[in-house]
Number of protein chains: 2
Amino acid sequence: MQRVTMMDVAKLAQVSPSTVSLYLRKPAAVSPAAGQEIARAISTLGYVPNLVAGGLAAASSKVVSIIVPSIRNAFFAETVSTLQSELAAEGLQVILGHSEYGEDQEEALVRTALAWAPAAVVLTGLSHSPETRKLLRASGVPVVEMWEIGGEPIDMAVGFSHPQVGASAARHLLSKGRRRVAFLGARMQEDHRAAKRASGFAEEIGRTAGTASCAIINHPGAATVEAGSLLLNRAMQQVPNLDGIACSNDLVALGALFECQRQGIAVPDKIAVVGFGDLNFSASCIPSLTTIRPSGDLIGKEVARLILTGIDGGRPAGASRVIDTGHVLIERRST
Amino acid sequence: MQRVTMMDVAKLAQVSPSTVSLYLRKPAAVSPAAGQEIARAISTLGYVPNLVAGGLAAASSKVVSIIVPSIRNAFFAETVSTLQSELAAEGLQVILGHSEYGEDQEEALVRTALAWAPAAVVLTGLSHSPETRKLLRASGVPVVEMWEIGGEPIDMAVGFSHPQVGASAARHLLSKGRRRVAFLGARMQEDHRAAKRASGFAEEIGRTAGTASCAIINHPGAATVEAGSLLLNRAMQQVPNLDGIACSNDLVALGALFECQRQGIAVPDKIAVVGFGDLNFSASCIPSLTTIRPSGDLIGKEVARLILTGIDGGRPAGASRVIDTGHVLIERRST
DNA sequence: CTGAAAGCGCTAACAG
DNA sequence: CTGTTAGCGCTTTCAG
């Protein structure tokens with residue numbers, strides 16, 4: 001499909017192909033006269049460089065492979081979106097893969113990702129199969145794990161501590177005088193990060209208010225609004241006089257809010273609700289939702305920065321290999 | 001970074017590299033004995049084929065480039081997710097780009113996409129710059145435009161008619177006796193598809209109920225819950241005794257629903273609300289939202305099918321070059 | 001069914 | 001600053 005090659009451009013501009021190649025990569029390193037000729041030739045011919053050939057010759061393609069559990073999840077959509085924009089600005093392409101929270105799937109994706117000799121690979125979280133870690137380490141490709149810190153990264157990591165998020169939610173509920181609380185999570189058998197938020201929550205409750213009741217309730221399916229309704233009902237059964245809940249996701253929290261409204265349970269008077277994610281609707285729902293913002297786009301930006309500095313500079317020094325983007329609790333009406 | 005090459009595998013298996021290559025592509029075309037040797041060599045060496053080299057040699061890489069306005073939009077996230085899964089199953093990688101609803105950005109993305117000699121490129125909608133169309137046509141690469149039909153596609157198209165969606169919403173509102181209606185849209189100066197839903201809505205209202213009042217109201221920013229609140233208020237100003245609204249997106253509809261609740265406006269008694277998208281929360285909110293489902297994953301499936309059949313068979317014949325995935329109105333409590 | 005040969009289009013030393 | 005020279009690792013005729 002590739003009609004015009006660098007050879008054609010070189011011929012028309014009366015220079016050698018390598019000069020054209022040089023011009024394309026470092027325009028300043030070519031004489032202005034030659035540069036102009038080349039530029040003209042490129043535009044009259046409508047030349048588009050073949051990145052596949054370039055990648056092969058340079059032994060590293062201008063591609064970064066991103067693997068997330070699911071792009072349908074607004075959290076990751078945000079990060080991927082930011083990452084894509086930042087990388088595109090530097091001429092890097094994004095190859096996308098979905099692990100669906102499966103380590104085996106992730107491993108397969110990593111394997112094909114590596115087949116592209118990518119400039120970097122970006123993974124979600126710190127939990128991976130041993131084989132995945134081995135493949136990645138052996139490849140020598142820069143890898144960034146995102147959305148989680150607090151373990152041993154394969155190479156670099158950008159994210160925040162999930163147990164700390166859980167603890168923040170717990171402290172907030174406690175500070176509002178709640179003592180009969182529950183954590184509502186979805187898919188925690190696979191979503192290790194949500195599970196960590198849950199255990200951080202439970203630990204903090206236990207540590208600070210040993211006498212408080214605390215339940216962790218899991219919905220095996222995806223984190224949806226509907227799951228929120230279900231979970232709230234189960235929580236009320238399990239914790240009599242429930243007065244506070246933390247949710248693993250704002251969608252779940254919204255579902256709980258709707259269920260409260262349906263059953264005439266006053267929020268926050270009877271039950272206080274804390275979410276996670278600060279999604280599109282969280283500020284506008286009724287009551288507005290107290291939530292924890294993980295800043296998915298900050299993560300995206302930092303990952304991009306790590307990749308970019310790793311590419312043109314030497315790899316960044318040890319100090320900056322793990323970046324904590326933190327989290328912010330945003331207090332609204334639901335507590 | 002690529003350690004083991006096909007050469008190494010060939011040596012260990014005591015065959016020639018071309019036999020290994022053949023085995024990788026058509027295992028059946030190689031003798032069972034040789035096949036076993038090769039398979040063993042591959043696994044003991046941990047060989048991963050270099051797709052960059054393969055792409056160069058084969059003059060077409062196993063990549064399909066997908067360009068959507070924004071992956072943060074749940075509609076496109078769904079399609080991309082499905083598409084990625086379907087294509088990955090056939091060994092194709094997805095390269096992702098965001099146009100942010102800009103034709104120039106899209107053109108730039110198409111240009112780099114083409115540099116990868118992709119197996120196909122997937123675009124959103126039928127509106128593109130003339131240069132984009134030219135580039136794509138000249139490249140000879142299969143292109144699929146998705147999420148819209150009703151115009152002249154560059155090559156293939158999968159989607160539905162947006163004016164018809166607007167008309168469906170209008171008919172539904174009319175059938176509920178509403179005569180003072182409005183269409184609430186966001187970013188319609190750039191989002192041509194939303195604008196078409198709006199005009200389809202207005203036309204149908206005019207055609208069927210000439211005496212009805214109908215306003216089209218646009219929020220220049222993104223389609224968010226907050227925009228929904230704003231838009232509802234403007235609609236009520238503009239159309240006294242407003243009794244029905246159609247929204248360009250369920251998020252906008254949710255915002256309108258919240259605003260009604262805040263102001264004590266009964267839905268659907270006073271104002272009926274129709275959304276678009278059938279998002280996660282639409283069945284669960286209060287009242288549950290009547291909406292139009294465009295089936296983003298059906299679109300993804302059909303696009304994948306078109307690409308896949310185009311690759312191993314000859315290109316599909318003229319008849320099936322445009323696929324209408326239709327839309328479904330789902331009636332719930334909000335009307 | 002298998003192997004030899006000839007590149008795919010570009011980059012990257014290295015001389016000039 | 002520019003051109004020459006070798007490949008990058010794989011696919012693909014084409015013989016055998």
Side-chain angles (χ1 to χ4, degrees), chain A residues 1-38 41-42 45-63 91 112 114-119 139-140 311, chain B residues 1-38 41-42 45-63 91 112 114-119 139-140 311:
Chain A
M1 301 302 118
Q2 185 80 17
R3 267 318 56 162
V4 201
T5 73
M6 189 179 272
M7 194 87 174
D8 301 319
V9 175
K11 245 176 229 156
L12 205 154
Q14 316 231 51
V15 294
S16 77
S18 53
T19 307
V20 178
S21 171
L22 187 61
Y23 170 78
L24 253 23
R25 281 167 299 114
K26 300 178 187 166
V30 169
S31 72
Q36 290 209 351
E37 277 312 310
I38 293 171
I42 287 177
L45 257 32
Y47 170 69
V48 178
N50 183 330
L51 294 178
V52 179
L56 178 57
S60 141
S61 59
K62 292 215 162 303
V63 152
T112 43
L114 256 18
W116 282 96
S139 74
I311 285 174
Chain B
M1 301 301 119
Q2 185 79 19
R3 270 310 62 159
V4 199
T5 73
M6 189 178 271
M7 193 88 173
D8 301 319
V9 175
K11 244 174 227 155
L12 203 154
Q14 317 232 49
V15 293
S16 76
S18 49
T19 306
V20 177
S21 172
L22 187 62
Y23 170 79
L24 253 23
R25 281 167 300 111
K26 300 177 187 167
V30 169
S31 71
Q36 291 209 349
E37 278 311 312
I38 294 170
I42 286 176
L45 257 32
Y47 169 67
V48 178
N50 182 330
L51 294 178
V52 179
L56 178 58
S60 140
S61 59
K62 292 214 162 305
V63 151
T112 42
L114 255 18
W116 282 96
S139 74
I311 285 174

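For clarity, every value in this text was computed on a predicted model and none was experimentally measured. Hydrogens, waters and symmetry mates are skipped; everything else that's a heavy atom, side chains included, is used.
- Closest approach of B/M7 and B/P17 over heavy atoms only: SD-CG, 3.9 Å.
- Closest of all the heavy-atom pairs between A/A10 and A/S16 is CB-C, 3.7 Å.
- Note that CG of A/N50 is 9.0 Å distant from CH2 of B/W116, once rounded to the nearest 0.5 Å.
- For the pair A/E37 CD and D/dC1 P, the computed distance is 17 Å after rounding to whole Å.
- For the pair B/L56/B/V52, no side-chain contact is recorded, criterion being any heavy-atom separation below 4.5 Å from C-beta on.
- For B/A53, whose side chain is taken as the heavy atoms from C-beta onward, the closest listed nucleotide among C/dC10, D/dC10, C/dG9 is D/dC10.
- Per the geometry, CG belonging to A/N50 stands 13 Å off C1' belonging to D/dC8, to the nearest Å.
- A/I38 places its CD1 atom 13 Å from the P atom of D/dC1, with the value rounded to the nearest Å.
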Identify every side-chain donor-acceptor pair in residues 20-27 of chain B under 3.5 Å, counting partners at least two apart or on other chains, and give the distances.
residue, atom, partner, partner atom, Å
B/S21, OG, B/R25, NE, 3.4
B/S21, OG, B/R25, NH2, 2.8
B/R25, NE, B/S21, O, 3.4

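- Checked against C/dT11, D/dG9, D/dC10, the side chain of B/L56 finds its nearest nucleotide in D/dG9.
- Scanning all heavy atoms of the two residues, the minimum distance from A/L51 to B/T112 falls at CD1-O, 4.4 Å.
- Scanning residues 7-25 of chain A for heavy-atom distances under 4.0 Å to DNA chain D yields A/V15, A/S16, A/S18, A/T19, A/L22.
- Atom CE of B/M6 is separated from atom P of C/dT2 by 15 Å (rounded to the nearest Å).
- Residues A/G35 and A/V30 come closest through the heavy atom pair N-CG1, 3.8 Å.
- Contact check of residues 28-35 of chain B against DNA chain D (heavy atom, cut-off under 4.0 Å) returns no residues at all.
- Closest approach of A/T5 to A/D8, counting heavy atoms only: N-OD2, 2.8 Å.
- Closest non-hydrogen pair, B/A115 versus A/P49, comes out as CB-O, 3.1 Å.
- One atom, CG of A/L51, and another, P of C/dC8, lie 18 Å apart when rounded to the nearest Å.
- Remark: C1' of D/dT11 and NZ of B/K26 are 11 Å apart, rounded to the nearest angstrom.
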